[in-house]
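Here's the structure, in C-alpha cells; my notes come after.
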Amino acid sequence: MDRIIETPESNYGQLTIAEAKLIQENLGEQINLSPMEGEIKTIAGADISLDINSEKVYAGMVVLSYPDLEPIAYSLVETINMFPYVPGYLAFREIPALLKVYEQIPVKPDCIMFDGNGILHARRLGIATHFGVLTDTVTLGCAKKKLAGNYADPGEMKGEYSLVTDKGDTIGYALRSKLNVKPVFISPGHKMSLKDSMDITLQCLGKHRLPEPTRRAHEFVNRFRIGELKEGFHELEQ
DNA sequence: GCGACAG
DNA sequence: ATCTTGTCGC
C-alpha cells in the first residue's frame, strides 16, 4: 500500500490505473463545492502542449485581470512525459508539470480555469478538482468534449446552457460559448459552487469558443513549444 | 458484453 | 494532444 502515497512531485511514479483510481476516491472526500468567498481580481488559465515526436511537455498558466481579461503575467515550465493519457485520469499526466508552473507564480491568482473538467467526471475528480484539492485553491474546468453524464443540447445563442447530470447528480453544464459552435463543458473544480462556475465562465467569454483564460493558456504554451516564449515567470506590459 | 471515452 | 488545406464569415 506504500505505492499509492506517491506524490505529484514524484510524477506519480509508475502508478497503475487501479492505484490512480484509489487516489481519486481518496481526494474525493476533500472536495469543497460551497459558494466562493471573496472577489475575483485575477484568474489564470492552465494548459499543456505536447511535442508530437518527443517526451517533452510544455506547461503553462496565464494570469489575466478580471473582469477585464487582459493577460498580465505567465508562467512556463518544460518537463518530461511520465504518465500516458487515459480517459478519466488526465490529472496524473498534467498535474506534475502544472504544479511546478503554479509554484513559480509569486502572487497567486484568485481562481484557475483548466482545460479539462472539474467534478464533471465519473468519480467527480477531473483535473480542476484534483489540482484544487491538492493545492487548496479555487478552480473550475472548461472541457471541449463531454467526458461523462448526459445533457440536452443547449439553445443556439451565446450564453445559453443546459445541465449535465450523472446518476442523479448535476455535475456541470453544456454551454454555448459562441453562436454556431459546439458547446463547451463547464464544472466547478474546488472551493466554488456549480453556479459560481457558470457565472465566472460567462464573464470570461469573448469572441472565441474557448473562454479567455484557457484560450490564452493554450496560445502561450504553444508559443512556448515553438520557441517563441521562454521558460520561467514573466510579467506583461500593461 | 456494449458503448463512451477531458487532453 | 498534434498534423494540415481550404473555406466561410466578420
Side-chain angles (χ1 to χ4, degrees), chain A residues 8 11-12 15 17 20-21 23-24 27-28 45-61 76-99 101 112-133 139-151 153 156-158 164-167 171-175 177-190 197 201 205-211 213-228:
Chain A
N11 268 336
Y12 281 121
L15 288 182
I17 294 302
K21 184 178 180 182
I23 289 176
Q24 293 182 330
L27 292 174
D47 192 18
I48 69 164
S49 180
L50 305 173
D51 193 315
I52 191 163
N53 40 22
S54 88
E55 295 289 81
K56 294 182 177 179
V57 175
Y58 300 87
M61 285 180 52
L76 301 170
V77 170
E78 179 186 318
T79 60
I80 297 298
N81 236 333
M82 293 298 286
F83 200 88
Y85 168 64
V86 181
Y89 300 88
L90 177 66
F92 295 89
R93 177 176 176 75
E94 304 195 348
I95 280 185
L98 290 175
L99 279 177
V101 166
I112 310 172
M113 179 184 284
F114 290 78
D115 193 354
N117 297 295
I119 62 169
L120 203 168
H121 179 281
R123 289 169 294 285
R124 315 300 182 247
L125 256 142
I127 185 169
T129 302
H130 193 131
F131 187 97
V133 170
T139 65
L140 74 164
C142 174
K144 297 180 290 298
K145 297 176 185 174
K146 191 200 76 170
L147 171 64
N150 301 89
Y151 70 100
D153 202 40
E156 64 211 66
M157 302 308 292
K158 176 179 182 177
V164 176
T165 59
D166 182 46
K167 300 168 184 172
I171 58 177
Y173 306 93
L175 166 68
S177 53
K178 179 179 186 291
L179 181 64
N180 295 326
V181 297
K182 295 174 65 81
V184 290
F185 299 85
I186 308 302
S187 60
H190 188 54
S197 70
T201 302
L205 297 185
K207 292 180 166 186
H208 310 266
R209 180 165 87 116
L210 295 187
T214 48
R215 187 181 75 82
R216 288 297 196 176
H218 191 265
E219 175 197 331
F220 278 59
V221 293
N222 273 310
R223 289 172 62 188
F224 178 30
R225 177 171 55 76
I226 65 178
E228 208 173 299

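Small disclaimer: the values here were computed from a predicted structure and weren't measured. A note on names: the letters A, B, ... follow the listed sequences, proteins ahead of strands, and every chain is numbered from 1. Heavy atoms only: backbone and side chains are in, while hydrogens, waters and symmetry mates are out.
- In this structure, of dG7(B), dC3(C), dC5(B), it is dC5(B) that holds the atom nearest to the side chain of Lys146(A).
- Taking atom NE2 on His121(A) and atom P on dA6(B), their separation rounds to 11 Å, with Å as the unit.
- Distances were taken from every side-chain heavy atom of Ser49(A) (C-beta onward) to each of dT2(C), dG7(B), dC5(B); the shortest belongs to dT2(C).
- Between the CZ atom of Phe83(A) and the C1' atom of dG7(B) there is a distance of 13 Å, rounded to whole Å.
- For Arg225(A) and Ser49(A), the side-chain atoms include at least one donor-acceptor pair closer than 3.5 Å.
- Considering His121(A), Arg93(A), Glu94(A) as possible partners of Ile127(A), the one that fulfils the side-chain contact (heavy atoms from CB on, under 4.5 Å) test is Glu94(A).
- For Lys145(A) and dC5(B), the shortest distance from a side-chain N or O to OP1 or OP2 is not below 4.0 Å.
- You'll find that the side chain of Pro87(A) is closest to dC5(B), out of dC5(B), dA1(C), dT2(C).
- Base contact: Asn117(A) has a heavy atom under 4.0 Å from a base atom.
- Nucleic acid contact for Gly88(A): base, since at least one base atom lies under 4.0 Å from a heavy atom of the residue.
- Asn53(A) comes within 4.0 angstrom of no nucleic acid atom, judged by non-hydrogen atoms across all strands.
- In this structure, Lys144(A) pairs ionically with Asp115(A), as a charged nitrogen and a carboxylate oxygen lie closer than 4.0 Å.
- Atom-to-atom, CZ of Phe131(A) to C1' of dA6(B) comes out at 17 Å; the value is rounded to the nearest Å.
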Checking side chain to side chain donor-acceptor pair (under 3.5 Å) for the pair Asn150(A)/Thr165(A): CA distance, chi angles, key distance, verdict?
CA-CA 5 Å; Asn150(A) 301 89; Thr165(A) 59; 5.3 Å; no
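- Counting any heavy atom pair closer than 4.0 Å across all strands shown, Asn222(A) reaches sugar-phosphate atoms only and no base atom.
- One finds no side-chain N or O of Arg123(A) lying less than 4.0 angstrom from the OP1 or OP2 phosphate oxygen of dA6(B).
- The structure places CD1 of Ile48(A) at 13.0 Å from CG of Leu76(A), a figure rounded to the nearest 0.5 Å.
- Per the geometry, CG belonging to Asp47(A) stands 13 Å off C1' belonging to dT2(C), to the nearest Å.
- Rounded to a whole Å, the CZ atom of Arg223(A) is 15 Å from the P atom of dT2(C).
- With rounding to whole Å, Tyr173(A) atom OH is found 19 Å from dA6(B) atom C1'.
- Although no hydrogens or angles enter the test, the distance criterion places a donor-acceptor pair under 3.5 Å between the side chain of Asp51(A) and the main chain of Asn53(A).
- Nucleic acid contact for Leu120(A): none, since no nucleic acid atom lies under 4.0 Å from a heavy atom of the residue.
- Crowding of Lys158(A) atom NZ: a count of heavy atoms from other residues, nucleotides or ligands under 6.0 Å exceeding 12.
- Between the CG atom of Leu27(A) and the NE2 atom of His130(A) there is a distance of 5.0 Å, given to the nearest 0.5 Å.
- Looking at heavy-atom distances under 4.0 Å, His218(A) makes contact with sugar-phosphate atoms alone, never a base.
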Any chance you could encode DNA chain B as dot-bracket? Rule is Watson-Crick or G-U wobble with both distances under 3.5 Å; [ ] for pairs crossing earlier ones, | for another strand.
.......
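- Distance from the side chain of Arg225(A) is smallest for dT2(C) among the nucleotides dA6(B), dT2(C), dA1(C).
- No engagement by Phe92(A) is indicated, since no non-hydrogen atom pair under 4.0 Å with the nucleic acid exists.
- Rounded to a whole Å, the CG atom of Leu140(A) is 19 Å from the P atom of dA6(B).
- Remark: P of dG7(B) and CG of Leu98(A) are 14 Å apart, rounded to the nearest angstrom.
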